[in-house]
Visitor: 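Quick one: this structure, given as structure tokens, is what I'll be asking you about.
Quick caveat: nothing in here was measured; it's all calculated off a predicted structure.
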Amino acid sequence: MIQEELVAAVLEALKRAQKEGAIPELSAPTILLEMPRNKEHGDYACNVALSLAGPAKMAPKKLAETIQRFMPEGVGYLERVDIAGPGFLNFYLKPDWLQDTLLEIEEMGDTFGHSQKHTSERVLIEFVSANPTGPISVVNGRAAALGDVLGNLLAAVGYEVSREYYINDALNSHQLEVLGETLAARYLQQLGKDVPLPPESYKGEYVIEMAKKIVKREGNTYEEMPDNELFPLFRRLATDEMISQQRGDLEAFGVRYDNWQCESALYEDEEVVQAIETISQRGYAYEKDGAVWLKSSVLGDKEDWVLVRSNGRETYVAADAAYHKNKFDRGYTLLINIWGADHHGYVARLKAAIAALGYDPSRCEVILHQMIHLVREGESVVGSKREGNIIPLRELIAEVGRDAARFTFLLSSADTTATFDLDLVKQQTNENPVFYVQYAHARIASILKKATSNEVVPAPAAKVKRSLLTHPRELDLLRKLADFPNEVQAAVENRAPHRLTHYSMELAAVFHNFYTECRVIGEEVELTQARLALIRGAKQVLKNALSLLGVSAPESM
RNA sequence: GCGCUCGUAGCUCAGUGGACAGAGCACCUGACUUCGGAUCAGGCGGUCGGGGGUUCGAAUCCCUCCGGGCGCGCCA
């Protein structure tokens, strides 16, 4: 890669300059290259002279000039280095470096943009993990999109990725008790009995649907069953049904998990008890007021938390400690949890628990995403599962489609409190930028099809006259294509999947620009072939970007 | 009250300490006898919430104030 060559060249220049005494001895800096927005600033720019000016006690411009003077000869595609502005090094490359990226794209195909930087690492990414008390909602959609695409990105740079869903089905869950009782009441109501709903019941329509299903399947089998048997049974029926619905909801959104981990299993396998035992043995637990406490205040948290209540029952903190121990023990080198910002106060607690268990808390990354602010008809929509007024993700998918839904979630960064105007998203689907990007892909497919039927023989990029691609719009397009691997890398490093949606829109834009100004078919044969190779490259990269986003790249629309 | 977080164009949002702060929508004006007009070009629109500070350089880092969201259980 040309970037690496440039970085090495700059380091070499610094080394030589220091040897010659042109600049003082310095420790090797991190060289950052960027593709300047403004083309006048070259193909790549480097700010090393600016950042080193302080330590070197030299004027930035003077330092830049020195680096320029000591640059080695014959670096890859490098044509010349200019100094601009306050002391930027601007690298101008020979045109064929851009044209040759088509070779790389063609060679790499679906893996262009991918890398092998993290092949020895295994990451477990846990996301959504909503309580099994209702369908997956639009609000969960953000975590679903974020986690799934981050998983794709991590896999693209070499991680072995597992996606996991944590099912909060613990025995001491009051919510599930209420859900079971609600379902039981709905069931009896379906049989014509006048039974009241329990207090704090789940009022959603979906509970009635579940009840109808049970009646259809089992009739009045449970009509006379006493509450102490009926409630636990219906709690289980409800939980199982909700989990399977959630699984379906997420699959409809294009998210598939490698593992669905039950909290209850951690209790059944005594992992919770063992985790508490481990914490005690390591001296991070103590008894007070009849309860067992985690000494989290000495592990970076503000206060201590209860692991075992005075009534003998473990808390969710204990369960989560066990869960994360379980994750580490399965051999993962990195754990990523995606949580809503409403759980931010819990991060320190979890990290403390991990440390108390003897694991490295820095190997567990918690990515917080801000809440989604739902708006409908100009008014805030506050969804509550209890009240049954949440907006199911399925409903959104049914109205706008999976692609548009995913893309929309990924337009904003995780730490923006995004406003989601349901009317806008649903009614103006054509204004969703996903179509703009997909249109570019379909348009290219159409040209390629037409070219073939016009009996222009498409040739591999290696066989076409790439040097004919010198039109400004062609160079813009090539530059954008060449930038894709950097973009993927940046999206991974910053845990920022939303960068991909923006990249794909920019790529689509430069393609549409190219299309407006340059004809492909009907030009002189060699130019047509070169341009066909160019748009094939663009099509491939659009496809790769969309594929990372879990969005389809249609041949026609 | 304490803590976390966000505040960028009329609206929705980008912006890895860098060069004149960008895009989409909305609004206005243009562009097809030719490869897909779900497109393209141009215009309008900003004290980057306010004020200090660090830096050669701040939307970005630090402090403070203002405003919004969230969290502060032997609930999960």
Side-chain angles (χ1 to χ4, degrees), chain A residues 32 34 36-38 40-41 45 47 49-51 53-54 59-61 84-88 90 131 133 168 170 172-176 263 288-293 302-303 305-317 319-320 340-348 368 370-371 373 375 408 411-413 415-421 424-425 428-433 435-440 442-451 454 486 489-491 493-494 496 498-499 501-502 505-506 508-509 511-523 528 531-532 535 556-557:
Chain A
L32 275 178
E34 62 161 12
R37 208 176 186 83
N38 187 338
E40 319 247 312
H41 297 138
N47 66 349
L50 292 159
S51 57
K61 272 203 165 161
F88 287 101
N90 289 345
N131 287 337
T133 53
N168 298 105
N172 48 18
S173 164
H174 174 63
Q175 296 172 35
L176 290 182
E263 182 182 0
K288 191 182 87 179
D289 304 332
V292 180
W293 294 70
K302 284 183 309 185
E303 51 195 317
W305 297 93
V306 170
L307 290 170
V308 186
R309 302 184 186 96
S310 51
N311 67 8
R313 279 189 162 185
E314 295 85 357
T315 63
Y316 68 100
V317 181
D320 267 3
D342 51 341
H343 290 82
H344 71 260
Y346 185 49
V347 176
L368 297 171
Q370 295 300 311
M371 303 287 90
H373 178 215
V375 175
T408 304
L411 280 170
S412 55
S413 110
D415 45 33
T416 300
T417 312
T419 299
F420 221 78
D421 187 325
L424 220 63
V425 178
Q428 307 186 321
T429 59
N430 274 9
E431 282 167 20
N432 191 312
F435 298 107
Y436 178 79
V437 178
Q438 290 180 319
Y439 181 64
R443 209 177 204 185
I444 296 173
S446 167
I447 299 170
L448 292 175
K449 207 166 141 193
K450 187 143 193 163
N454 278 11
N486 300 331
Q489 194 59 38
E493 281 168 10
N494 297 297
H498 73 280
R499 295 182 68 118
T501 52
H502 290 270
M505 289 188 285
E506 288 162 13
F511 167 74
H512 287 309
N513 267 313
F514 158 82
Y515 176 88
T516 306
E517 293 190 36
C518 303
R519 277 197 68 80
V520 177
I521 296 168
E523 295 288 344
T528 288
R531 285 182 173 167
L532 283 172
I535 65 171
S556 66
M557 31 192 311

Visitor: In Watson-Crick or G-U wobble terms, both distances under 3.5 Å, what is the partner of B:rG30?
Guide: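 Pair assignment: B:rG30 / B:rC40.
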Visitor: Need the pair for B:rG24. Rule: Watson-Crick or G-U wobble, both distances under 3.5 Å, any strand; none if unpaired.
Guide: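 Per the H-bond distance test, B:rC11.
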Visitor: What do you reckon, do A:H41 and the base of B:rA19 stack, with centroid distance below 5.5 Å and planes below 30°?
Guide: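 Here A:H41 meets both the 5.5 Å and the 30° conditions.
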Visitor: Would you indicate what A:D421 reaches in the nucleic acid, counting non-hydrogen atoms under 4.0 angstrom: base, sugar-phosphate, or nothing?
Guide: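 It contacts nothing in the nucleic acid.
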Visitor: Side chain of A:S556 only, heavy atoms from C-beta on: which candidate in B:rU5, B:rA41, B:rG36 is closest?
Guide: B:rG36
Visitor: Using a 4.0 Å heavy-atom cut-off, does A:E303 contact any base of the nucleic acid, only the sugar-phosphate backbone, or nothing at all?
Guide: sugar-phosphate
Visitor: Check the pair A:I535 / A:Y515 against side chain to side chain contact (heavy atoms under 4.5 Å, CB included), numbers first and verdict last.
Guide: CA-CA 9 Å; A:I535 65 171; A:Y515 176 88; over 6 Å; no
Visitor: Respond yes when some side-chain nitrogen or oxygen of A:R309 is under 4.0 Å from OP1 or OP2 of B:rC75, and no when none is.
Guide: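 Looking at the OP1 and OP2 atoms of B:rC75, one of them is under 4.0 Å from a side-chain N or O of A:R309.
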Visitor: Within the structure shown, what part of the strands sits under 4.0 Å from A:M557 by heavy-atom distance: base, sugar-phosphate, or nothing?
Guide: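 Result for A:M557 = base.
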Visitor: Rounded to whole angstrom units, what separation is found between the CG atom of A:L368 and the P atom of B:rG69?
Guide: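 After rounding, the gap between these two atoms is 19 Å.
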Visitor: Using purine N1 to pyrimidine N3 plus N6-O4 or O6-N4 for Watson-Crick, or N1-O2 and O6-N3 for G-U wobble, both under 3.5 Å, which nucleotide pairs with B:rU60?
Guide: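 Answer to the pairing question: none, since B:rU60 forms no Watson-Crick or G-U pair.
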Visitor: Can you find a side chain N or O atom of A:T501 that sits less than 4.0 Å from OP1 or OP2 on B:rA14?
Guide: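 No, no such contact exists.
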Visitor: Would you call A:Q370 and A:T416 a side-chain contact if the rule is heavy atoms closer than 4.5 Å?
Guide: no
Visitor: Where the side chain of A:A45 is defined as all heavy atoms beyond and including C-beta, which of B:rA19, B:rC6, B:rG36 is the nearest nucleotide?
Guide: B:rA19
Visitor: Is there a donor-acceptor contact under 3.5 Å from the side chain of A:H373 to the main chain of A:F420?
Guide: no
Visitor: Using a heavy-atom cut-off of under 4.0 Å over every strand shown, decide if A:T416 touches base, sugar-phosphate, or nothing.
Guide: sugar-phosphate
Visitor: Mind calculating the distance between NE2 (A:H512) and C1' (B:rA31) to the nearest angstrom?
Guide: 16 Å
Visitor: Partners of A:H512 by ring pair (Phe, Tyr, Trp, His ring centres under 6.0 Å), sequence neighbours excluded?
Guide: A:Y436, A:Y439
Visitor: OP1 or OP2 of B:rG15 sitting under 4.0 Å from any side-chain N/O of A:H498?
Guide: yes
Visitor: Whole angstroms only, please: what is the CD1-P distance between A:I444 and B:rG36?
Guide: 12 Å
Visitor: Classify the side-chain pair A:S310/A:D289 by whether it contains a donor and acceptor separated by less than 3.5 Å.
Guide: no
Visitor: Just checking A:A319: base, sugar-phosphate only, or nothing, at a heavy-atom cut-off of under 4.0 Å?
Guide: nothing
Visitor: Would you mind telling me which residue lines up with the more 5' stretch of RNA chain B, A:F420 or A:F514, judged by nearest nucleotide?
Guide: A:F420
Visitor: Between A:T516 and B:rC40, is there a side-chain N or O to OP1/OP2 distance below 4.0 Å?
Guide: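 So the side-chain polar atoms of A:T516 never come under 4.0 Å of the phosphate oxygens OP1 or OP2 of B:rC40.
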Visitor: Paired with B:rG17: which nucleotide, if any, by Watson-Crick or G-U wobble criteria at under 3.5 Å for both distances?
Guide: none
Visitor: Quick one: which of B:rC35, B:rA76, B:rC74 gets closest to the side chain of A:D289?
Guide: B:rC74
Visitor: By the 4.0 Å heavy-atom rule, please label A:N90 as base, sugar-phosphate, or nothing.
Guide: base
Visitor: Walk along nucleotides 53-63 of chain B from 5' to 3' and tag each nucleotide B, S or - by protein heavy-atom contact under 4.0 Å, base first, then sugar-phosphate.
Guide: ---B-------
Visitor: Taking atom C1' in both B:rC20 and B:rC62, what distance in whole Å separates the two?
Guide: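 To the nearest whole Å, 27 Å.
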Visitor: Is there a donor N/O on one and an acceptor N/O on the other, under 3.5 Å, for the side chain of A:Y316 and the base of B:rA76?
Guide: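 Indeed there is one.
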Visitor: Between atom CG in A:N168 and atom P in B:rC75, what is the gap in whole Å?
Guide: 16 Å
Visitor: Between A:V306 and A:V317, is any pair of side-chain heavy atoms under 4.5 Å apart?
Guide: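 A:V306 vs A:V317: side chains apart.
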Visitor: Toward the 5' end of RNA chain B, which comes first, A:H502 or A:G85, by nearest nucleotide?
Guide: A:H502
Visitor: Are A:W305 and A:T315 close enough that some pair of their side-chain heavy atoms sits under 4.5 Å apart?
Guide: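 The answer is no, as the side chains (C-beta and beyond) never meet within the 4.5 Å cut-off.
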Visitor: Would you classify A:Y515 as touching base, sugar-phosphate or nothing, given that sugar-phosphate means primed atoms plus P, OP1 and OP2, and contacts are heavy atoms under 4.0 Å?
Guide: base
Visitor: If you look at every strand shown and take non-hydrogen atoms under 4.0 Å, does A:A341 touch a base, only sugar-phosphate, or nothing?
Guide: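 Sugar-phosphate contact only.
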Visitor: What's the closest nucleotide to the A:D342 side chain, out of B:rA14, B:rC74, B:rG71?
Guide: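 Selected nucleotide: B:rG71.
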Visitor: Phosphate oxygens OP1/OP2 of B:rA14: is one of them under 4.0 Å from a side-chain N or O of A:S413?
Guide: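 Yes.
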Visitor: For B:rG45, what is the paired nucleotide under Watson-Crick or G-U wobble rules, both distances under 3.5 Å?
Guide: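 Across any shown strand, B:rG45 pairs with none.
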Visitor: So, does the side chain of A:H344 form a donor-acceptor pair with the base of B:rG3 at under 3.5 Å?
Guide: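 Indeed there is one.
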Visitor: Has A:Y436 got its ring stacked on the base of B:rA38, with centres under 5.5 Å and planes less than 30° apart?
Guide: no
Visitor: A:V520 side chain: which of B:rA19, B:rA76, B:rC35 is closest?
Guide: B:rC35
Visitor: Among B:rA38, B:rG68, B:rU16, find the nucleotide with the atom closest to the side chain of A:F435.
Guide: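 The listed nucleotide nearest to A:F435's side chain is B:rA38.
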Visitor: Partner lookup for B:rC74, please. Criteria are Watson-Crick or G-U wobble with both distances under 3.5 angstrom; report none if nothing qualifies.
Guide: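 The answer is none; no pair meets the criterion.
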Visitor: With a 3.5 Å cut-off and just heavy-atom distances, do the side chain of A:S310 and the base of B:rC74 make a donor-acceptor pair?
Guide: yes
